[in-house]
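Quick caveat, the model's predicted, so the values are computed rather than measured. A, B, ... follow the sequence lines: proteins, then strands. Residue 1 opens every chain.
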2 protein chains.
Amino acid sequence: MSDLLERLRGRGWRLTAQRRVVAEVLDGDHVHYTADEVHAAAAERLPEISRATVYNTLGELVSLGEVIEVTTDGRAKRYDPNAHHAHQHLVCAKCGTIRDVHPSGDLLADLPTQERYGFAISAVEVTYRGLCPDCAA
Amino acid sequence: MSDLLERLRGRGWRLTAQRRVVAEVLDGDHVHYTADEVHAAAAERLPEISRATVYNTLGELVSLGEVIEVTTDGRAKRYDPNAHHAHQHLVCAKCGTIRDVHPSGDLLADLPTQERYGFAISAVEVTYRGLCPDCAA
DNA sequence: TCTTGACTTAGACATTGTCCAATGTAGGAT
DNA sequence: ATCCTACATTGGACAATGTCTAAGTCAAGA
């Protein structure tokens with residue numbers, strides 16, 4: 001995602017300090033931040049940044065396909081910058097840790113035609129749930 | 001789910017009018033209501049029922065394994081009474097309609113051991129997304 | 001029928017997200 | 001280099017969903 005800013009500028013994005021900071025936060029460790037966590041991390045570098053701007057910017061990044069929105073519980077959405085590699089998620093039922101995983105096989109092929117009800121299916125999301133090694137102990 | 005009330009009584013549930021009405025609402029058409037929709041439907045039969053009781057009862061039914069909690073977007077959770085038949089969900093990206101579907105194959109087997117990071121995996125949730133026939137038109 | 005511990009209620013509160021009017025500014029035009 | 005202006009940001013009000021608590025109510029066993 002290092003050339004993200006270039007790609008965005010190419011699409012007519014106005015490059016502001018706020019947007020740069022949000023993009024840099026997501027570009028860091030491969031984590032799954034909530035919007036509030038992104039805001040907190042961004043505010044360390046740019047203290048006046050507002051929540052509204054973080055929400056706006058995250059929404060734009062999602063629309064542009066640069067970031068994926070993940071909802072593993074009913075709580076806050078999380079933002080996954082690993083949008084250019086198809087992957088699924090493994091979630092600890094106890095501590096909530098999220099890991100990216102890569103199932104084998106064609107997930108779409110598992111749904112028979114008569115189970116598609118005429119839908120034009122474009123995406124499959126899989127969440128594996130269980131206990132991580134720490135919580136299982 | 002017709003013998004639900006019997007099963008619950010067997011587990012020491014105190015059977016109140018409120019709980020009966022919530023269970024009856026879920027037992028109706030095979031829909032995926034939000035908590036507020038359950039509350040509205042329940043209030044038609046029992047006008048004084050409170051939101052808190054509906055939330056409590058739904059939470060209990062989920063804990064008891066009688067109902068499944070589904071989060072397909074970041075909005076309200078939905079409650080699926082079809083808990084005794086393993087199934088997954090097909091969601092229309094435009095209108096939000098949800099259908100229960102039954103993929104073939106062993107979904108768990110698709111995740112290689114080295115992609116499990118030591119987790120003890122106990123469940124797999126799959127959401128297929130696409131446009132339903134009406135919205136695709 | 002009495003008693004009691006579990007259940008329900010109303011409403012305050014918490015979390016997450018959205019919207020708006022006022023203000024600021026990036027980047028093209030001059 | 002400076003100016004313009006459309007687009008971006010801000011702060012705070014508002015909305016949607018869910019949780020908690022103290023006080024009152026009731027199902028079901030004795």
Inset, instruction - Give the other cluster members for B:Val70, using side-chain heavy-atom distances under 4.5 Å between Ile, Leu, Val, Met, Phe, Trp and Tyr residues; answer none if it is isolated. - result: B:Ile68

Inset, instruction - Would you jot down, in residue-number order, the residues of residues 45-52 of chain B having a non-hydrogen atom under 4.0 Å from DNA chain C? - result: B:Glu48, B:Ile49, B:Ser50, B:Ala52

Legend entry - For atom NZ of A:Lys77 and atom P of C:dG17, their distance in whole Å: 6 Å

Inset, instruction - Output yes when at least one side-chain N/O atom of A:Gln18 is less than 4.0 Å from OP1 or OP2 of D:dT10, else no. - result: yes

Inset, instruction - Enumerate the residue pairs fulfilling ring pair (Phe, Tyr, Trp, His ring centres under 6.0 Å) with a member in residues 107-131 of chain B, sequence neighbours excluded, ordered by first and then second residue. - result: none

Legend entry - Nucleic acid contacts - residues 35-44 of chain A versus DNA chain C, non-hydrogen atoms under 4.0 Å: A:Ala35

Inset, instruction - Using a 4.5 Å cut-off on heavy atoms from C-beta on, say whether the side chain of A:Leu64 contacts that of A:Trp13. - result: yes

Legend entry - Nucleotide C:dT25, atom P - distance to CZ of A:Arg20 in whole Å: 14 Å

Inset, instruction - By nearest nucleotide on DNA chain D, pick out whichever of A:Glu60 and B:Arg78 is the more 5' one. - result: A:Glu60

Legend entry - Residues forming a side chain to side chain donor-acceptor pair (under 3.5 Å) with A:Ser122, sequence neighbours excluded: none

Legend entry - By side chain to side chain donor-acceptor pair (under 3.5 Å) - contacts of B:Arg20 (at least two apart): none

Inset, instruction - Please collect all salt bridge (Lys or Arg N to Asp or Glu O under 4.0 Å) contacts where either partner lies in residues 109-131 of chain A, sequence neighbours excluded, each pair once. - result: A:Glu125-B:Arg129, A:Arg129-B:Glu125

Inset, instruction - Establish, with yes or no, whether the OP1 or OP2 oxygen of C:dC7 is under 4.0 angstrom from a side-chain nitrogen or oxygen of B:Arg19. - result: yes

Legend entry - Residues which pass ring pair (Phe, Tyr, Trp, His ring centres under 6.0 Å) with B:His32, listed by chain and number, not counting sequence neighbours: B:His30, B:His89

Inset, instruction - Quick one: which residue pairs count as a salt bridge (Lys or Arg N to Asp or Glu O under 4.0 Å) with a foot in residues 92-107 of chain A, not counting sequence neighbours? - result: none

Legend entry - Reading 5' to 3' through nucleotides 23-30 of chain D, protein heavy-atom contacts under 4.0 Å coded B for base, S for sugar-phosphate only, - for none: ---BBS--

Inset, instruction - Indicate whether OP1 or OP2 belonging to C:dG17 is found under 4.0 Å from a side-chain N or O atom of A:Tyr55. - result: yes

Inset, instruction - Kindly write out the residues that satisfy side chain to side chain donor-acceptor pair (under 3.5 Å) with A:Arg45, not counting sequence neighbours, or none if the list is empty. - result: A:Glu24

Inset, instruction - Would you check, one step at a time, whether the test salt bridge (charged side-chain N to carboxylate O under 4.0 Å, His left out) holds for A:Arg11 with A:Glu60? - result: CA-CA 12 Å; A:Arg11 301 207 216 181; A:Glu60 288 155 6; over 6 Å; no

Legend entry - Side-chain cluster (under 4.5 Å, hydrophobic types only) that A:Ile98 belongs to, other residues: A:Val91

